[in-house]
Amino acid sequence: YTLANQTFGTYGIDASHGFFTSTLDAAMPEDTYTYYCCYPTPLSVNGTQVTFNVPAEQDGKAGNGADIMVATPVQHAALTAVPDPEDHSGMSMSMNRMMHQFRFFLPEGQNMMGEPVQEINMTMPQNIAGTVTADFTDPTVAPTLSNGVNTITTELAEPIGESAGIDDAEFACVSVFPYDGTYTDS
């Protein structure tokens, strides 16, 4: 790989895009490259397999390492300096969520305690958190879970109160490993 384990940081966002940059050790030779990307920075890399942790304790935010994504590979020329922070003409990648996201909100009139929700405990019949392994070269390959647990405790970084409607709802997000089976009533 010309770039390996290169960390990029956000320098801007809009409603549907994130803009990232990184400082390279040296200019890349002119050529066409295949780019791969994942989020967050993996705990380990073994060939094309990357390992992450979906924590059993989360904070209600969509990120912070729990929302694992793998990009669709892109072929593009060598990376160059961003000419202007508002120039978004460089390489573009589509990120694919590998986890499921549960979004919780409290509908108006349903808050029996009268206080903001500060903690959500979620238990499922199958494991939903633990060590996740994915293929950074192919987001269509289902990730695998090991060392799993079936409960996630979410101590909300920002407690949520009642919301009048879905458009103005205060959400808490919980990232869970996706289940590919069918639930039964037993």
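Counting begins at 1 with the first residue of the sequence. Given the structure is predicted, the values throughout are model-derived calculations rather than measurements.
Here the side chain of S163 pairs a donor or acceptor atom with the backbone of E170 at under 3.5 angstrom. Under a 3.5 Å cut-off, the side chain of Y35 and the backbone N or O of A77 do form a donor-acceptor pair. Side-chain atoms of N96 come within 3.5 Å of backbone N or O of V70 as a donor-acceptor pair. S22 places a side-chain N or O within donor-acceptor distance of the main-chain N or O of T7, the cut-off being under 3.5 Å.
Taken together through direct or relayed side-chain contacts under 4.5 Å among Ile, Leu, Val, Met, Phe, Trp and Tyr, Y39 and L79 form parts of separate hydrophobic clusters. The cluster map of Ile, Leu, Val, Met, Phe, Trp and Tyr, joined by side-chain heavy atoms under 4.5 Å apart, puts I68 and V45 in the same cluster. L24 is connected to M91 through a chain of hydrophobic side-chain contacts under 4.5 Å among Ile, Leu, Val, Met, Phe, Trp and Tyr, so both are in one cluster. The hydrophobic clustering, which links ILVMFWY residues whose side-chain heavy atoms are closer than 4.5 Å, places F52 and M99 together. Under a hydrophobic clustering in which Ile, Leu, Val, Met, Phe, Trp and Tyr are joined whenever their side-chain heavy atoms come within less than 4.5 Å, directly or via other members, M69 and V54 fall into different clusters.
The minimum heavy-atom distance between A172 and I120, with the atom names listed, is CB-CD1, 4.0 Å.
With a 6.0 Å radius and a threshold of 12 heavy atoms from other residues, nucleotides or ligands, D25 has its CG atom at or below the threshold. Heavy atoms from other residues, nucleotides or ligands lying under 6.0 Å from CG of D14 number more than 12. Taking a 6.0 Å sphere around CD of Q6, one finds it holds more than 12 heavy atoms contributed by other residues, nucleotides or ligands. Within 6.0 Å of atom CG in N5, 12 or fewer heavy atoms from other residues, nucleotides or ligands are found, so the atom counts as exposed in its surroundings. In Q118, the CD atom is not crowded: 12 or fewer heavy atoms of neighbouring residues, nucleotides or ligands sit closer than 6.0 Å. Environment of CG in N46: sparse, with no more than 12 heavy atoms of neighbouring residues, nucleotides or ligands closer than 6.0 Å. Counting non-hydrogen atoms of other residues, nucleotides and ligands closer than 6.0 Å to CD of E119 gives a total above 12.
Side-chain contact of T151 with T123: a donor-acceptor pair under 3.5 Å is present, judged by distance alone. Checked by atom type, the side-chain pair Q126/N150 shows no donor-acceptor distance below 3.5 Å. No side-chain donor from either of Q49 and T133 sits under 3.5 Å from a side-chain acceptor of the other. There is a side-chain donor-acceptor pair under 3.5 Å between N121 and T153. No hydrogens or angles considered: nothing links the side chains of Q58 and T154 as a donor-acceptor pair under 3.5 Å.
Between the CZ atom in F102 and the CD1 atom in I128 there is a gap of 7.5 Å [rounded to 0.5 Å]. Annotation: the span from C38 atom SG to M93 atom CE amounts to 10.0 Å, rounded to 0.5 Å. Note that CD1 of I160 is 6.0 Å distant from CG of L106, once rounded to the nearest 0.5 Å. Atoms CE and OG1, on M95 and T72 in that order, are 9.0 Å from each other to the nearest 0.5 Å. Atom-to-atom distance recorded for F104:CZ and Q101:CD is 10.5 Å, nearest 0.5 angstrom. The distance from atom CG of D31 to atom OG1 of T2, rounded to the nearest 0.5 Å, is 7.5 Å.
Classified by interplanar angle (parallel below 30°, tilted 30° to 60°, perpendicular above 60°), the ring pair Y36/Y1 is perpendicular.
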